[in-house]
Protein chains: 2
Amino acid sequence: MANTIESHCLHCMQRSDIFTKLAEGELAQVNACRVSIRYHAGEVVFKQGSPCHDFVCITSGMLKLYREDENDKRIIIGFAKPVDYIFVPGAFTDKRHHFSAIACEETTACLVGIEVFEKLLRDNHDFAAAFMAKISEQSIRFIEQMSSLVQKQMPGRMADVLIELSKGVYNSNPFVSSLSRQDLADMSGMTKESAIRILKTFRDDELIRTEGDTIEILNYPMLERISRNG
Amino acid sequence: MANTIESHCLHCMQRSDIFTKLAEGELAQVNACRVSIRYHAGEVVFKQGSPCHDFVCITSGMLKLYREDENDKRIIIGFAKPVDYIFVPGAFTDKRHHFSAIACEETTACLVGIEVFEKLLRDNHDFAAAFMAKISEQSIRFIEQMSSLVQKQMPGRMADVLIELSKGVYNSNPFVSSLSRQDLADMSGMTKESAIRILKTFRDDELIRTEGDTIEILNYPMLERISRNG
DNA sequence: GCTATTTGATGATATAAATCATGTAAAAGC
DNA sequence: GCTTTTACATGATTTATATCATCAAATAGC
């Protein structure tokens, strides 16, 4: 079930800003406890409602994080990519997962027990401060997403999503994405048909170009204006 | 401008779960730095976009926290009531406020500089752990609010709001609220007229009773069912 | 390589919610 | 106490978006 992917955390986690705060001894502690697992695209890493024992650190690939409701509707609330861990609020509250995580593509992740993480937070002030910064950034993203969902109409919401994918997730323009139209719809709080229609009007207006899995933003200023005004 | 409300933090903050983690010496440190201020209903405590220097601890009254957009639309993302502090993510990121806070009614609050708070977090593990739990609860509420806003229709959203006010804000049924119809609309992502209409159908269906500022939930199980199913 | 399934796309129609206009009641101000 | 302003409420209409049906293209499975 579990394949050892990285030989040692020291070699791997140097690339993550938060883990650079850890000393070699601390990294060794994490390395000793982690379980490294490979997930195929479509596989669930953790399920909303299930018990929450571990922190998940992504070493390759990408996960999408989403909330499901009683009627099988989903909203995507974020992504996790290398090298980063997923902040799971249930770790500090009721020990339950409040959203699910699925691999978008072939993904490898290391699972680290919550208590190991808690010890690092207790003992390493720099690590704790960087962790607090990350949590705060996520809170801000949640607030911005709520604002987008409620205060903007569909073009504004889709503009938000495309800008966030380009600037915040793939860090590139154009970008190649494994996300389906349903995924884009789930990020922007609309149905798949509506998402497809908005993308078509963006292409017709020469704001973007799509070609297979590639999306290119052709007119950033105009897209940002649509984003601002809804 | 500033009136000293409480004589000492020791006498005041004993009532807050997180501040009970502080020793007398730590409370004295906070007491020495705090500025206590009274706000009238409608006054702004801090404004979205403004620089973020302080943590705000409410000692009486209530604040509503909301996000504004370019078109003056608002969404209420939470409340702050005694005795509690407001988690402001900007304190740990860009030193800017990402939402505004206004007094709903006559409110008193103590402002404590961020660096004082950061020192407490660094030196007191129990305090830091309790703080982390609070932040995590807020994250969960944000996720639940997003789910409500996107995945439910108006009756489900209003049911969510009424249940949250009864269970989570006022801790009582019936409850007396200073919130306007516009506030209820801003919490549930609908216009004021739509909010008024949904409340009327709830009254007609004998789910709730409203009388002036008082709202009573008459049929909790049915309201919870509407909440679940949207 | 062929078949079945899924995804992307389009068009027509229905529904949910917003907007606009107006009136009444309550609260605020003088 | 009276007048003005604001909040609550209602009705009609418009707009935004979802839903449903269908087809073509791409992908998955055998």
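Chain identifiers are assigned alphabetically (A, B, ...) following the order of the sequence lines, protein sequences preceding nucleic acid strands; residue numbering begins at 1 within each chain.
- Toward the 5' end of DNA chain D, the nearer of the two residues Met190(A) and Asp213(A), judged by each one's closest nucleotide, is Met190(A).
- For the pair Lys192(A) and Gln153(A), nearest-nucleotide mapping onto DNA chain C gives the more 5' position to Lys192(A).
- Across the protein-nucleic acid pair, Arg197(A) atom CZ and dA16(D) atom C1' stand 12 Å apart, rounded to whole Å.
- Counting to the nearest Å, the C1' atom of dG8(C) and the CG atom of Asp183(A) are 13 Å from each other.
- One can place CZ of Arg181(A) at 7 Å from C1' of dG8(C), the figure rounded to the nearest angstrom.
- Using bins of under 30°, 30° to 60° and over 60° for the plane-to-plane angle, the ring pair Tyr85(A)/Phe117(A) lands in the tilted bin.
- At the phosphate of dT17(D), neither OP1 nor OP2 sits under 4.0 Å from any side-chain N or O atom of Ser194(A).
- Ring geometry for Phe92(B) against Phe55(B) counts as tilted: the plane angle lies between 30° and 60°, on a 0 to 90° scale.
- Residue Thr191(B) has a polar side-chain atom (N or O) positioned under 4.0 Å from OP1 or OP2 of dA18(C).
- Regarding Leu149(B), its CG atom lies at a distance of 16 Å from the C1' atom of dA16(C), rounded to whole Å.
- Here the closest heavy-atom approach between residue Arg67(B) and residue Glu144(A) is recorded as NH2-CG, 3.5 Å.
- Rounded to whole Å, atom P of dA17(C) lies 14 Å from atom CE of Met154(A).
- As rounded to whole Å, 13 Å separates atom P of dG11(D) from atom CD1 of Ile196(B).
- Between the CD1 atom of Ile198(A) and the P atom of dT10(C) there is a distance of 13 Å, rounded to whole Å.
- Taking atom CD of Glu193(A) as the reference point, atom P of dT17(D) lies 14 Å away to the nearest angstrom.
- Enclosure of atom CZ in Arg225(B) is not indicated, since only 12 or fewer non-hydrogen atoms of other residues, nucleotides or ligands lie within 6.0 angstrom.
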